2 protein chains.
Amino acid sequence: MPRAGLSPDAVVGLALQIVDDDGPGSLTLAKVAGRAGVATPSLYKHVGSLAALRRAVATVAVRELTAAASAATVGRSGPDAVRALGRAWRDYALAHPGRYAATQIGPDPDDPADAERREAAAESVAVAAAALRAFGLPDDGLVDAVRAARSAIHGFVTLELGGGFRMPQDVDRSFETLLDMVTAGIASLGDAAGPHPHPKEKA
Amino acid sequence: MPRAGLSPDAVVGLALQIVDDDGPGSLTLAKVAGRAGVATPSLYKHVGSLAALRRAVATVAVRELTAAASAATVGRSGPDAVRALGRAWRDYALAHPGRYAATQIGPDPDDPADAERREAAAESVAVAAAALRAFGLPDDGLVDAVRAARSAIHGFVTLELGGGFRMPQDVDRSFETLLDMVTAGIASLGDAAGPHPHPKEKA
DNA sequence: AAGCCAAGCTAATAGGATTAGCTTACTGGC
DNA sequence: GCCAGTAAGCTAATCCTATTAGCTTGGCTT
């Protein structure tokens, strides 16, 4: 009975492979154990639960995504930075659909390992904020603009990955159009009278 | 042993309740059976499988969403229509988070019941396209614009529902900013030279 | 060489999906 | 009003998966 030489990181590594291969929905402790050459319960020596393993996978994905976004925007600013950020984001998602999907798993406030994920997520928001700085938005409108840009990119990628674009048109071109919309839209935000004055006004 | 008087629709109705209450992830045949006052295997007389039930729920949600979008845009056009559409979309998602999440379940090409869902989805795209018509986009850019607008709205709602907005700022106001970005961005699409000429050009 | 600890293992429990085969409540035709 | 057929339920059984408990032992430390 030789040792398999597992470790928490090794287990997460196997989980990442499975998520890459079959999507996050089919990540299972039994499958991980199979790849590790170990009985399923043995994994509990390295991870707390299936849910914790899923969160660990999400953390890795968020970190990688943040790193890619950060790398893509160094030395750029304004529309150029936004476009580079958007492309890097989508490229990562297309290269690792399973990991990107894992990104959407809700964090557990009690899991200390999830603090890391929050940090990484916050950092990616900071990267986006930096990219938008050159648009000269009013201070209290920056958060709104970051949210809008994130929403657009994330939404596109999510729909693309989920097979939501069924028309035959070129998806790459659509994404460039989205970037056009985002950059132009955000630029126009600065021109207007500042932050939006009427949240949810009814007709 | 009295009859419970189930039917496929009744089962889907119970499933919708569960999805509303606990989210689509915790939809389980056992839970449905519990609410129906019936043994789990009995459900197979009405649905093909858990996956099929999930898809049925998704179909209902897509239909409702399409109806809401359609109702919100009658008699409006241009930016006004886009804003109304966006608000209706978000309102539905906030009112029925579970159903909205169910919307993202991938369809099964072999399930005839999923053809319906495709139809409804296509109709919602048509509603969006109609809303954008007044922007005077070039014909072959319309699909790109619809995708961009959908992406932005869907992305915002997804992030909001997933707890992705952690800053204290008002989310309603951010959504209005998103709508500003979308309407201004799409308007500017028409001004430019038509469809985007350089899909994915490398730096 | 003794011993400790962590990494594995097996056994057992608890849910959940799904299939097979039985029973029986309604429903239509006579 | 009776009778057969169908469809709605049921129980039993199988197969997965997660998770817990408690045992065993490899490999390093002293």
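Treat the numbers as computed from the prediction; the structure is a model and nothing was measured. Each chain gets a letter, A, B and so on, in the order its sequence line appears, and its residues count up from 1.
- With respect to the salt-bridge test (charged N to carboxylate O, under 4.0 angstrom), the residues A:Arg63 and A:Glu123 do not qualify.
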Worksheet, complete the sentence: Each nucleotide of nucleotides 10-20 of chain C classed B (base within 4.0 Å of a protein heavy atom), S (only sugar-phosphate) or -, in 5' to 3' order, makes BB----SSBB-

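- Within residues 16-24 of chain B, no residue approaches DNA chain C, by heavy-atom distance under 4.0 Å.
- For residues 130-139 of chain A, there are no side-chain hydrogen bond (donor to acceptor under 3.5 Å, both in side chains) pairs, not counting sequence neighbours.
- Spacing between atom NZ of A:Lys45 and atom P of C:dC5 amounts to 14 Å, rounded to whole angstrom units.
- Evaluation of the ring pair (Phe, Tyr, Trp, His ring centres under 6.0 Å) test over residues 113-155 of chain B, restricted to residues two or more places apart or in two chains, returns B:Tyr100-B:His154.
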Output side-chain donor-acceptor pairs under 3.5 Å for residues 13-26 of chain A, partner residues at least two apart or in another chain, one line each.
residue : atom : partner : partner atom : Å
A:Gln17 : OE1  : A:Arg35 : NH1          : 3.2
A:Asp20 : OD1  : A:Arg99 : NE           : 3.1
A:Asp20 : OD2  : A:Arg99 : NE           : 3.1
A:Asp20 : OD2  : A:Arg99 : NH2          : 2.9
A:Asp21 : OD2  : A:Arg35 : NH1          : 3.2
A:Asp21 : OD2  : A:Arg35 : NH2          : 2.9
A:Ser26 : OG   : A:Asp22 : O            : 2.8
A:Ser26 : OG   : A:Gly23 : O            : 3.3

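- Looking at residues two or more places apart in sequence or on another chain, you find no side chain to side chain donor-acceptor pair (under 3.5 Å) involving A:Gln104.
- Residues passing the side chain to side chain donor-acceptor pair (under 3.5 Å) test with B:Arg150, sequence neighbours excluded: none.
- One atom, CG of A:Leu43, and another, P of D:dT19, lie 11 Å apart when rounded to the nearest Å.
- At the phosphate of C:dA6, neither OP1 nor OP2 sits under 4.0 Å from any side-chain N or O atom of A:His46.
- Under the rule for a side chain to side chain contact (heavy atoms under 4.5 Å, CB included), the partners of A:Gln169 that lie at least two apart in sequence or sit in another chain are A:Met167, B:Val143, B:Arg147.
- Per the geometry, CZ belonging to A:Arg54 stands 11 Å off C1' belonging to D:dA18, to the nearest Å.
- For residues 39-62 of chain A, the set of pairs meeting the side-chain hydrogen bond (donor to acceptor under 3.5 Å, both in side chains) definition, not counting sequence neighbours, comprises A:Arg55-A:Asp111.
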